[in-house]
Amino acid sequence: MRTDRVLAAWIRTRRALSLSPGQLAARRASMWRKLQPVIALTPALARYAGRDLAEFPVTDIADLRADYGAWNSLDMSDGELRELAAAAEQGTAVGELSAGWSTGTGGGARGLFLSSSAERADYIGQSLARLLPARALLKRQRLALHLRASNALYSDVGRGRFTFAHFPLEASIEQSVAELAQFEPTILIAPPHRLAAFAEAGAHFPSLQHLFCGSEPAGEAERHFFTERLGVRPRQIYQATEGFLAAECANGRLHLNDHAMAIELEPVPGTPGYRPIITDLRRTSQPIVRVRGDDYLELDACSCPCGFAGRVIHAPQGRVNDIWRFADQSVTPPQVVAALEPVLGGDKIWQAEAGPERVVLHLSPPCPASISTPSATTAARALSQAWDLPVPVEVFHDLSAWSGPKRRKVVWRDG
């Protein structure tokens, strides 16, 4: 991977952070026009090449995942791509192409992503520009990535001033803490459930300067808990198989990456929120055009003083399919988190699972270090009374730990 490409992407992104909303829109329109030759080579999209974005069909993620061969511009079949991703999981590289599997949804479904060396350089340049201050690039950094599997998309950053190490999620907490302490990371990226385990275990990383969490929801109280225990406030990264969607700025606001993505917001009936329809304007090997995401998003109406005109959203707390839907009432994941976190705090393990007949609040077993029965009763009452739920709320102390690949704090099960 060429360093000059990373630098070029960094410069482009930093410049975009000072553009007005109108200038960002013009930039997206220009990028869309330049993407058309790639679209013409992508079987699922070829017949629409040259048209306005709004004329392209909206595709659900499940339909894209049914045939990856139709969603690449390299004339590769679904089987070839799956083999490439499987080989990458075993550490086998195939030329400059990189494929891999996402961590997976709370329901276990994983997505395949594909990238060229040039695309990885662009991703790294964008990420560095969005996540780190410029002065951080002048120092030597040790980046620890704590995800299910490594991939060239991430490991390519381990060049020049950056030393990269991957720490697999399947390792025990004790092993991960020991290995991280030995690595002495200055930058750590990990899912919230793993940061919670580190915080609970009393992990201490004196060299840590930048902490990021992603791949699953984290409430404000929980992030405050991480800050207290780990000594660095985690900033959120919102990324999916379909693209690098948003990043938290230095002011603590989560901005959509409107400099490189065309993200349409589709209203979710019965709620104030949306689900994203995603178009990645810089992705060429595996074009993503008007792919409907699963996450439930809400816009943040407050302006941000950081200067970036990318739209601000509240941190996603769950998926559209996990909205609680009773006969004449909808309760969103952010509402559930807002009701429970003030009672349970940021250091408790919990999951609120609802269905047409009842709501079950799963908690960790009572013990001196966990939640007391009175607090559990208060939490159940808060959940029931917040929206006058039409079904009973039951409490079970049966949640001892989170298991992978991703946790879901708010769940809807219909049948």
Do the non-hydrogen side-chain atoms of [X] and [Y] ever get within less than 4.5 Å of each other?
X	Y	value
I124	W10	no
L112	L84	no
P185	L180	yes
C302	R253	yes
S116	E119	yes
Y296	P334	yes
R28	D258	yes
L35	P287	no

Within residues 220-244 or reaching into it, pairs that qualify as salt bridge (Lys or Arg N to Asp or Glu O under 4.0 Å) - sequence neighbours excluded: R65-E242, E220-R223, E220-R233, E222-R407, E222-K409, R223-E248
With sequence neighbours left out, which residue pairs that include part of residues 270-291 fulfil the salt bridge (Lys or Arg N to Asp or Glu O under 4.0 Å) condition?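 Residue pairs passing salt bridge (Lys or Arg N to Asp or Glu O under 4.0 Å), neighbours aside: D122-R282, E264-R290, R275-D294.
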Check for a donor-acceptor pair, side chain of H146 on one end and backbone N or O of I189 on the other, with a separation under 3.5 Å. no
Spatial distance of atom [atom1] ([X]) from atom [atom2] ([Y]) [nearest 0.5 Å]:
X	Y	atom1	atom2	answer
S364	D398	OG	CG	10.0 Å
T241	I288	OG1	CD1	8.5 Å
Q239	S127	CD	OG	6.5 Å
W387	Q329	CH2	CD	8.5 Å

Mark yes when over 12 heavy atoms from residues, nucleotides or ligands other than E357 sit less than 6.0 Å from its CD; otherwise mark no. no
Does H314 have more than 12 heavy atoms from other residues, nucleotides or ligands lying within 6.0 Å of its NE2? yes
List for me each residue that meets salt bridge (Lys or Arg N to Asp or Glu O under 4.0 Å) alongside E80, sequence neighbours excluded, and say none if there are none. none
List for me each residue that meets salt bridge (Lys or Arg N to Asp or Glu O under 4.0 Å) alongside R27, sequence neighbours excluded, and say none if there are none. none
Who passes ring pair (Phe, Tyr, Trp, His ring centres under 6.0 Å) against F326, sequence neighbours left out?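 Listed in chain order: W412.
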Pairs meeting criterion ring pair (Phe, Tyr, Trp, His ring centres under 6.0 Å) with involvement of residues 38-65, two or more places apart: W32-F56, Y48-F56
For Y238 and N257, run side chain to side chain donor-acceptor pair (under 3.5 Å): C-alpha distance rounded to whole Å, both residues' side-chain angles, the deciding distance at 0.1 Å, then the answer. CA-CA 10 Å; Y238 177 27; N257 284 333; over 6 Å; no
